[in-house]
Amino acid sequence: MSQYAVVGNPVKHSKSPRIHSLFASQTGMELAYTAIQLKPENFEAGVRKFFADGGAGLNVTVPFKEKAFLLADSCSERARLAQAVNTLCVDGDGALIGDNTDGVGLVRDIKGNHQFEIRQRRILLLGAGGAVRGALSALVAEDPAEITIANRTPGKALQLKAEFGHLADLTAVGFGELDATAFDLVINGTSLGLEGKLPPISKAVISSACCCYDMVYADSDTVFVRWARDNGAVLALDGLGMLVEQAAESFAIWHGLRPQTLSVISQLR
Ligand code: ATR
């Protein structure tokens, strides 16, 4: 049976094995998908062993996506822009091929699952770490009117503007520099939610027809989702749909088949 896995640390609570097994039964494929925890110093050896033992595909999660990018012998343009890889496979010569399906997963959830059009909308991205970097090229490809990146450390937002600015109209600011402008789509890519905290921004960023999206998810509403709903967002979404959509894109890369995602999202809820 073909072997697939997700590598991360910690990885015990990963939903990826469940998602891929639901995709497999839906599409009538036989595969094994496990979760492998690796110590940072064993990441490269662990990946090489997985493929040397006949593994067919790996997902990579926190904190290894940047390491996977450096390890890959070649990678897609979207992974190069993200400087992070979440999907690995090997070609016939044993070379490691990397891709990044996070950004397309985010966009498919917002546009496909929630019918929220991104084209010509004003986007506010909160954070400038790996999550935002991974999402940027897919958002830019939707041709938004503008993208503002706000981050605690403005220099990191400026760095993203320098790297992605040739692709779109990007503005980089610190949280304190956000004026009272309202946005159509506000995406939280900070790790603050993990501590139960909100980015320090005013509710004035929420326009009358605004979609707010938290890139993380939890068993109940995240603080950002609650904040968005309490302050009038038309859509207040967490990142569970993005998780399933990025998995579907990885599944399509490996198997050449695109699974249905909505039933999987509702089963996970
Ligand atoms: P990830 O891969 O999850 O994006 P990361 O690359 O460490 O993780 O990025 C975390 C993001 O959350 C960054 O934008 C970080 O802001 P800084 O660049 O200023 O560090 C943001 N973040 C984390 N803790 C924060 C806090 N207490 N207040 C504001 N922003 C915070």
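Fair warning: this is a prediction, and the values are worked out from it, not measured in the lab. Ligands are counted one by one from 1 in listed order, and the atoms in each one are counted from 1 as well.
Side-chain contact between Phe23 and Val244: present, with at least one pair of heavy atoms (C-beta onward) separated by less than 4.5 Å. Residues Asp109 and His114 meet the side-chain proximity criterion, which asks for heavy atoms closer than 4.5 Å. Proximity of Trp227 to Ile201: side-chain heavy atoms (C-beta onward) are separated by under 4.5 Å at one or more points. Looking only at side-chain heavy atoms (C-beta outward), Asn100 and Thr87 stay at 4.5 Å or farther from each other.
We find the CG-CZ distance between Leu126 and Phe175 to be 5.5 Å, quoted to the nearest 0.5 Å.
Of the N and O atoms on the side chains of Asp238 and Thr222, not one donor lies less than 3.5 Å from an acceptor on the other residue. Side-chain polar atoms of Ser76 and Asp99 form a donor-acceptor pair below 3.5 angstrom.
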Item to complete: Check the pair Arg108, Glu249 against salt bridge (charged side-chain N to carboxylate O under 4.0 Å, His left out), reporting the backbone distance first and the verdict last.
Response: CA-CA 10 Å; Arg108 288 222 175 99; Glu249 180 76 2; 2.7 Å; yes
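Listed by atom number, the atoms of ligand 1 under 4.0 Å from Lys156 heavy atoms are 17 (P), 18 (O), 20 (O). Atoms of ligand 1 lying under 4.0 Å from any heavy atom of Ala131, numbered from 1 in the order shown and given with element: 1 (P), 2 (O), 4 (O). Applying the 4.0 Å criterion to heavy atoms of Gly127 picks out, from ligand 1, the atoms 14 (O).
Not a single N or O atom of Thr190, backbone or side chain, sits closer than 3.5 Å to an N or O atom of ligand 1. When only interatomic distances are considered, the shortest N/O to N/O separation between Phe175 and ligand 1 does not fall below 3.5 Å.
Nearest protein heavy-atom contact of atom 9 (O) of ligand 1 is Gly129 CA, 3.4 Å. The nearest heavy-atom contact from the protein to atom 14 (O) of ligand 1 is Asn151 OD1, 2.7 Å. Annotation: atom 12 (O) of ligand 1 to nearest protein heavy atom, Ser191 N, 3.1 Å. Residue, atom and distance of the protein heavy atom nearest to atom 27 (N) of ligand 1 are Arg152 NH1, 3.3 Å.
Residue contacts with ligand 1 for Thr153 involve both N, CA, C or O and side-chain atoms from C-beta outward (heavy atoms, distance under 4.0 Å). Only the side chain of Leu192 comes within 4.0 Å of ligand 1, counting heavy atoms alone; its backbone N, CA, C and O stay farther away.
Within a 4.0 Å radius of atom 7 (O) of ligand 1, the protein contributes no heavy atom.
A cation-pi arrangement, defined by a distance under 6.0 Å to the six-membered ring centre and an angle within 45 degrees of its axis, is present between Arg121 and Phe116.
Comparing heavy-atom distances from atom 2 (O) of ligand 1 across Ala150, Gly130, Pro63, Gly174 singles out Gly130 as nearest.
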